[in-house]
Protein chains: 2
Amino acid sequence: MSDASMPIGQLARSAGCKVQTIRYYEQVGLLPPPARTAGAQRRYGEAHQQKLRFIRHARELGFPLPAIRELLALSDQQESDCAGADRIARRQLEAVNRRIMMLTSLRAELERMLAHGHGNRIRDCRVIATLADHGLCSHEHHEAAASSRGDGCTARGDDEAMTRR
Amino acid sequence: MSDASMPIGQLARSAGCKVQTIRYYEQVGLLPPPARTAGAQRRYGEAHQQKLRFIRHARELGFPLPAIRELLALSDQQESDCAGADRIARRQLEAVNRRIMMLTSLRAELERMLAHGHGNRIRDCRVIATLADHGLCSHEHHEAAASSRGDGCTARGDDEAMTRR
DNA sequence: GTTGAAGCTCCAGTCACTGGAGCTTTTAGA
DNA sequence: TCTAAAAGCTCCAGTGACTGGAGCTTCAAC
């Protein structure tokens, strides 16, 4: 399974990500370039596997790549101070909290929009009316959903909600 | 203020967005091309202002542009059925709910990471250890933060959390 | 030796904007 | 009427974190 020379596909499966993602991490300097076979194929060992798992876990927690870069650098300096890592995690926690608050108020308004009985013609549709007139929604949710930052922001399709008509 | 020929900057201020954003909406067909002066500058009227406000409000609620396109088309057909708009809003509500659940479990793990007392050397740091070993976090939050889809995904900087080191 | 899976590089696309270069038009004041 | 600053214009490139494809080569099992 994990002797010292795993091909990229196997590493990808073991980390639960795509082959291209690994090559991308190498390209942007998150993963060090691995050894290559005579035919120039990548071969990975334990160290790479651990590093990749670290990265993927951090991504699942919403850390952006620059933060992960910092965390990786810190984890390589076993003797240095822990405060940096704490600070990064704390910032991320704040970002997550902000995001939850925004989404919660968005949910409230979406629910209000949907809760109102409606005629079955567009002209009486509460959803359309609410969107057209900000005054109809109870209050501010300005600058809400559109500002992510500090959470992952990919356009993958684990669920197909929206986008396709 | 809003006679029949507002320049783009004024429209942008009135909608709380950037000039470029308006031109972008026109480019992708969300806003119809406005009248132009002899010198080819855009001039907007009431109808544009309303449509732009509709778009911005929907964006704040996290609707992606393709969904907004649909909603705009619906709102132009005053006599047609309301079910479409309801369905779109309901999908968006589901997406928001999924997102909240994910973020809530992420928050829990970040809090656990931070709550543990830690030595002040990296080698004893709980944050780093947790990231390195998925087994240390109580359980699954797979496919969590990284999958947005259905909420806005911009990289604007209303807050500077993360990204800068 | 053959074949099919998996690998390679390079490039373009995603989403919803944002920023800049290098120009022209408008508008207010002198 | 002239001037200067502000605002407009078009076109293009960049953001984050991947993802997908074309067109090729290498590997591993039979």
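Just so we're on the same page: letters track the sequence lines, and every chain starts at 1.
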Find every protein N or O atom lying less than 3.5 Å from an N or O atom of nucleotides 19-23 of chain C, and list the pairs.
{"from": "C:dG19", "atom 1": "OP2", "to": "B:K18", "atom 2": "NZ", "distance (Å)": "3.0"}
{"from": "C:dG19", "atom 1": "N7", "to": "B:Q20", "atom 2": "NE2", "distance (Å)": "3.4"}

*Less than 4.5 Å apart, any side-chain heavy atom of A:R91 and any of A:R87?*
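A side-chain contact exists here, since the closest heavy-atom pair is under 4.5 Å.
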
Whole angstrom is fine here: how far is it from [atom1] in [X] over to [atom2] in [N]?
X     : N      : atom1 : atom2 : value
B:I22 : D:dG8  : CD1   : C1'   : 12 Å
A:I8  : C:dA6  : CD1   : C1'   : 11 Å
B:Y24 : C:dC15 : OH    : P     : 8 Å
A:M6  : C:dA6  : CE    : P     : 16 Å
B:E26 : C:dT18 : CD    : P     : 17 Å
B:I55 : C:dC15 : CD1   : C1'   : 16 Å
B:L52 : C:dC17 : CG    : P     : 10 Å
B:Y25 : C:dC15 : OH    : C1'   : 11 Å

For nucleotides 27-30 of chain D, list the nitrogen or oxygen atoms of the protein found under 3.5 Å from its nitrogen or oxygen atoms, one pair per line.
{"from": "D:dC27", "atom 1": "OP1", "to": "A:T37", "atom 2": "OG1", "distance (Å)": "2.9"}
{"from": "D:dC27", "atom 1": "OP1", "to": "A:G39", "atom 2": "N", "distance (Å)": "3.2"}

*Could you tell me which residues satisfy salt bridge (Lys or Arg N to Asp or Glu O under 4.0 Å) with A:D81, sequence neighbours excluded, listed by chain and number?*
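For A:D81 there are no salt bridge (Lys or Arg N to Asp or Glu O under 4.0 Å) partners, ignoring immediate neighbours.
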
Just to verify, what does [X] make a side-chain contact (heavy atoms from CB on, under 4.5 Å) with, not counting sequence neighbours?
X      : result
A:R123 : A:R121, B:Q78, B:E79
A:Y24  : A:V28, A:L65
A:A132 : B:F54
B:R107 : A:L93, A:V96, A:N97, A:I100, B:T104, B:E111

*asked:* Under the rule for side chain to side chain donor-acceptor pair (under 3.5 Å), what residues qualify as partners of B:T37, not counting sequence neighbours?
replied: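 Not a single residue meets the side chain to side chain donor-acceptor pair (under 3.5 Å) criterion with B:T37.
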
_Counterpart residues, side chain to side chain donor-acceptor pair (under 3.5 Å), relative to B:E26 (two or more places apart)_ =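 In terms of side chain to side chain donor-acceptor pair (under 3.5 Å), with neighbours along the sequence ignored, B:E26 is linked to B:R42.
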
_Over the length of the helix from C:dG1-D:dC30 to C:dA30-D:dT1, how much do the five-pair end axes diverge, rounded to 10 degrees?_
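Computed angle between terminal axes is 10°.
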
*Rounded distance (nearest 0.5 Å) linking atom CD1 of B:I68 with atom CD of B:Q92*: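 The distance works out to 9.0 Å.
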
_Distance, nearest 0.5 Å, that separates CG of B:L52 from CZ of B:R59_ =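 It is 12.5 Å, given to the nearest 0.5 Å.
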
*Hey, does B:R36 reach any base, or is it just sugar-phosphate, or nothing, if we go heavy atoms under 4.0 Å?*
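Sugar-phosphate, no base atom in range.
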
*Please check the phosphate of C:dT9 (OP1 and OP2 only) for any side-chain N or O of A:R42 closer than 4.0 Å.*
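Answer is yes, contact under 4.0 Å.
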
*Indicate whether OP1 or OP2 belonging to C:dC15 is found under 4.0 Å from a side-chain N or O atom of B:R69.*
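No, no such contact exists.
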
*Without swapping roles, check the side chain of B:H48 against the backbone of B:M6 for a donor-acceptor pair under 3.5 Å.*
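The answer is no, because no donor-acceptor pair under 3.5 Å joins these two groups.
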
